[in-house]
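Here is the structure we will look at, set down as C-alpha cells.
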Amino acid sequence: MAQIIDGKLISQQIKDELKEKVSALKEEGKEISLAVIQVGKDPASSVYVNNKKKACAYIGINSLSYELEETISETELLKLIYDLNDNPVVNGILVQLPLPSHIKEDKIINAIVPEKDVDGFHPQNVGALCIGEKGFVSCTPAGIIQLLKRSNIEIAGKECVVIGRSNIVGKPMSLLLLAENGTVTIAHSRTKDLKEVARRADILVVAIGKPQFITADYVKKGAVVIDVGIHRDENNKLCGDVDYEGVIHKVSAITPVPGGVGPMTIAMLMNNCVESALNF
C-alpha cells in the first residue's frame with residue numbers, strides 16, 4: 001500500500017513550530033512583518049495572496065498589504081520596492097506573480113534586496129544555493145525537501161529525476177536534492193526517451209505543467225512520486241501532472257493533488273519570513 005504524503009498535515013506542523021518561534025520573538029520585543037504586493041485583480045493571484053495573509057495571521061506575522069492597480073507603472077512599483085527595502089520594520093517582500101505585461105518581472109525581482117527576498121528568486125539567493133552558501137530558497141522545492149524528510153524518505157544515494165527545468169521549481173529542486181546527496185538527473189520536454197529516464201528514478205519529482213501526463217509506464221515500481229502540477233481536468237476536478245489513480249498501485253509513496261505540495265509552498269514562505277527576522 002502506497003504511503004500518501006500528507007502536505008496539509010506536514011505544513012500544519014511547520015506552521016505550529018513557526019508560531020512558537022514567533023511567539024518567543026515577540027516576548028523579546030521583536031515583530032516580524034511581510035509586505036505583500038499584488039498588481040491587478042487576477043482571481044488566482046487573489047486566492048494565493050489571501051492564503052498567504054491567513055498563514056501570516058495564524059503564525060503571528062504582520063502582513064502589510066499593497067493592492068495596486070494594473071495600470072501602475074514599472075517606475076512606481078520599483079519606487080515602492082526601494083522604500084520597502086529601506087524600511088527597517090519590513091522583514092520580507094513578496095511580489096505576487098505574474099505581473100502585467102508592461103512590467104518586467106526580472107527587473108522587479110532583482111530590485112528586492114536579497115535579505116528580504118523571501119520568495120528566493122533573487123539571482124544572489126539562487127547563486128548562493130548553487131554553491132552551498134546561506135540564502136533564501138524557492139519555497140516549493142524547499143517544501144518538497146521537508147515533505148521527504150518528515151515522511152522518513154531517504155534522499156542520500158537515491159536516483160532522483162526532476163522533470164521540469166523552471167527557475168522556480170525544476171532547477172532549485174535539483175540543487176536541493178544534490179545537496180542532500182541524491183544522484184540527480186534533470187529531464188524536460190526535449191529529453192529523449194523520457195519514459196526510460198523517468199523509470200530510473202527512486203524519487204521522481206514532476207513539474208512538467210501538463211495534466212496527468214505521467215502515467216504508470218513512466219514510473220519504476222516502488223518509486224516515490226512528488227507531483228508539483230495543479231490543473232483542472234475535463235470534469236473541473238483538481239488534478240496534477242501525474243495520473244494519480246494510474247500510478248498509486250505502483251509507487252511506495254506519492255503526494256496527492258490537492259493536499260500534497262501546494263500547502264508546503266506557503267509554509268516555507270512563512271519559514272523564510274521567520275528566518276529573515278532571525279538572520280538580518
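- Taking hydrophobic clusters as Ile, Leu, Val, Met, Phe, Trp and Tyr residues chained together by side-chain heavy-atom distances below 4.5 Å, Ile144 does not share a cluster with Tyr244.
- By the 4.5 Å heavy-atom criterion applied to side chains, Thr183 and Asp202 are not counted as neighbours.
- For the residue pair Ser23/Glu20, the side-chain donor-acceptor check at 3.5 Å is not satisfied.
- At least one donor-acceptor pair under 3.5 Å links the side chain of Asn125 to the backbone N or O of Pro114.
- Judged by distance alone, with hydrogens and angles left aside, the side-chain atoms of Ser252 form a donor-acceptor pair with the main-chain N or O of Gly222 at under 3.5 Å.
- Under the 3.5 Å distance criterion, with hydrogens and angles disregarded, a donor-acceptor pair is assigned to the side chains of Gln38 and Ser46.
- Using modelled atom types, no side-chain atom of Ser151 and backbone atom of Leu148 make a donor-acceptor pair closer than 3.5 Å.
- A 4.5 Å side-chain heavy-atom check between Val224 and Val251 finds every atom pair outside the cut-off.
- No side-chain heavy atom of Ile226 sits under 4.5 Å from any side-chain heavy atom of Val206.
- Distance OH/Tyr66 to CG/Leu94: 13.0 Å, rounded to 0.5 Å.
- Using modelled atom types, no side-chain atom of Asn87 and backbone atom of Asp83 make a donor-acceptor pair closer than 3.5 Å.
- Residues Arg232 and Asn236 come closest through the heavy atom pair NH1-O, 2.9 Å.
- Annotation: the span from Ser189 atom OG to Ile208 atom CD1 amounts to 7.0 Å, rounded to 0.5 Å.
- Considering only residues two or more places apart in sequence or on other chains, Leu78 meets the side chain to side chain contact (heavy atoms under 4.5 Å, CB included) condition with Glu74, Tyr82, Lys107, Ile108, Ala111.
- Taking the six-membered ring for Trp and the full ring otherwise, Phe121 and Phe136 have centroids separated by 6.0 Å or more.
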Q: Could you walk me through whether Ile155 and Asn181 pass the side chain to side chain contact (heavy atoms under 4.5 Å, CB included) test, one step at a time?
A: CA-CA 7 Å; Ile155 302 169; Asn181 300 311; over 6 Å; no
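- Considering only heavy atoms from C-beta on, Ile203 stays 4.5 Å or farther from Val161 through its side chain.
- Salt-bridge formation is detected for the pair Arg150/Glu17: a Lys NZ or Arg NE/NH1/NH2 atom is positioned less than 4.0 Å from an Asp or Glu carboxylate oxygen.
- When the side chains of ILVMFWY residues are joined at heavy-atom separations under 4.5 Å, either directly or via intervening members, Ile230 and Val228 end up in two distinct hydrophobic clusters.
- Annotation: the span from Leu80 atom CG to Thr75 atom OG1 amounts to 13.0 Å, rounded to 0.5 Å.
- Between Ile109 and Leu97 there is a side-chain heavy-atom pair separated by less than 4.5 Å.
- One N or O on the side chain of Ser166 and one on the backbone of Val169 form a donor-acceptor pair closer than 3.5 Å.
- Put simply, the side chain of Ile214 does not reach to within 4.5 Å of the side chain of Asp243, judged on heavy atoms.
- Atoms CD1 and OG, on Ile32 and Ser276 in that order, are 6.5 Å from each other to the nearest 0.5 Å.
- Enclosure of atom NZ in Lys8 is not indicated, since only 12 or fewer non-hydrogen atoms of other residues, nucleotides or ligands lie within 6.0 angstrom.
- In terms of heavy-atom proximity, Gly240 sits nearest to Asp227 at CA-OD2, 3.3 Å.
- Proximity of Ile5 to Ile10: side-chain heavy atoms (C-beta onward) are separated by under 4.5 Å at one or more points.
- Ion pairing between a basic and an acidic side chain is recognised when a charged N comes within 4.0 Å of a carboxylate O; Glu180 and Lys149 show such pairing.
- Note that CG of Asp42 and CD of Glu70 are 8.5 Å apart. Values are rounded to the nearest 0.5 Å.
- Here Asp241 does not pair with Lys210 in a salt bridge; the nearest charged N to carboxylate O distance is not below 4.0 Å.
- Heavy-atom minimum distance, Asn51 versus Ile266: CB-CD1, 3.4 Å.
- No continuous path of hydrophobic side-chain contacts links Val205 to Tyr218 [ILVMFWY only; heavy atoms under 4.5 Å].
- The two residues Gly92 and Val90 make their nearest non-hydrogen contact at O-CG1, 3.3 Å.
- Closest non-hydrogen pair, Pro263 versus Gly7, comes out as CB-O, 3.8 Å.
- Under a hydrophobic clustering in which Ile, Leu, Val, Met, Phe, Trp and Tyr are joined whenever their side-chain heavy atoms come within less than 4.5 Å, directly or via other members, Val257 and Val225 fall into different clusters.
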Q. Where do Asp119 and Val95 land on the side chain to side chain contact (heavy atoms under 4.5 Å, CB included) test, with the steps shown first?
A. CA-CA 9 Å; Asp119 261 333; Val95 179; over 6 Å; no
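- Looking only at distances, a side-chain donor or acceptor of Lys158 sits under 3.5 Å from a matching main-chain atom of Glu154.
- A salt bridge is defined here as a Lys NZ or Arg NE, NH1 or NH2 lying under 4.0 Å from an Asp or Glu carboxylate O, and Glu27 with Lys21 fails to meet this definition.
- When atom types are taken as modelled, the side chain of Asn272 and the backbone of Val137 share a donor-acceptor pair closer than 3.5 angstrom.
- In this structure, the side chain of Ser138 does not engage the main chain of Pro141 through any donor-acceptor pair within 3.5 Å.
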Q: Walk me through it: do Lys52 and Ser63 pass the test side chain to side chain contact (heavy atoms under 4.5 Å, CB included)?
A: CA-CA 9 Å; Lys52 287 163 187 173; Ser63 181; over 6 Å; no
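- Remark: Lys26 NZ is packed, more than 12 non-hydrogen atoms of other residues, nucleotides or ligands lying under 6.0 Å away.
- A 4.5 Å side-chain heavy-atom check between Val242 and Val219 finds every atom pair outside the cut-off.
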(Q) If you apply the rule side chain to side chain donor-acceptor pair (under 3.5 Å), what do you find for Gln212 with Asp233, and how did you get there? (A) CA-CA 9 Å; Gln212 299 178 327; Asp233 66 14; 4.9 Å; no
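- Side-chain atoms of Lys53 and Ser65 include a donor-acceptor pair closer than 3.5 Å.
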Q: Start with the C-alpha gap between Ile61 and Val274, add the side-chain angles, then the distance that decides, and say whether side chain to side chain contact (heavy atoms under 4.5 Å, CB included) holds.
A: CA-CA 8 Å; Ile61 295 171; Val274 174; 4.2 Å; yes
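- Once rounded to the nearest 0.5 Å, the distance linking CD of Gln96 with CG of Leu68 reads 12.5 Å.
- At a threshold of 4.5 Å between side-chain heavy atoms, the hydrophobic network of Ile, Leu, Val, Met, Phe, Trp and Tyr places Ile254 and Met173 in two separate groups.
- A side-chain donor from one of Tyr58 and Gln12 sits under 3.5 Å from a side-chain acceptor of the other.
- When atom types are taken as modelled, the side chain of Asn235 and the backbone of Lys237 share no donor-acceptor pair closer than 3.5 angstrom.
- Checked by atom type and distance alone, the side chain of Asp117 pairs as donor or acceptor with a backbone atom of His122 at under 3.5 Å.
- Between Gly164 and Ile186, the shortest heavy-atom distance links the atoms O-CG2, 3.8 Å.
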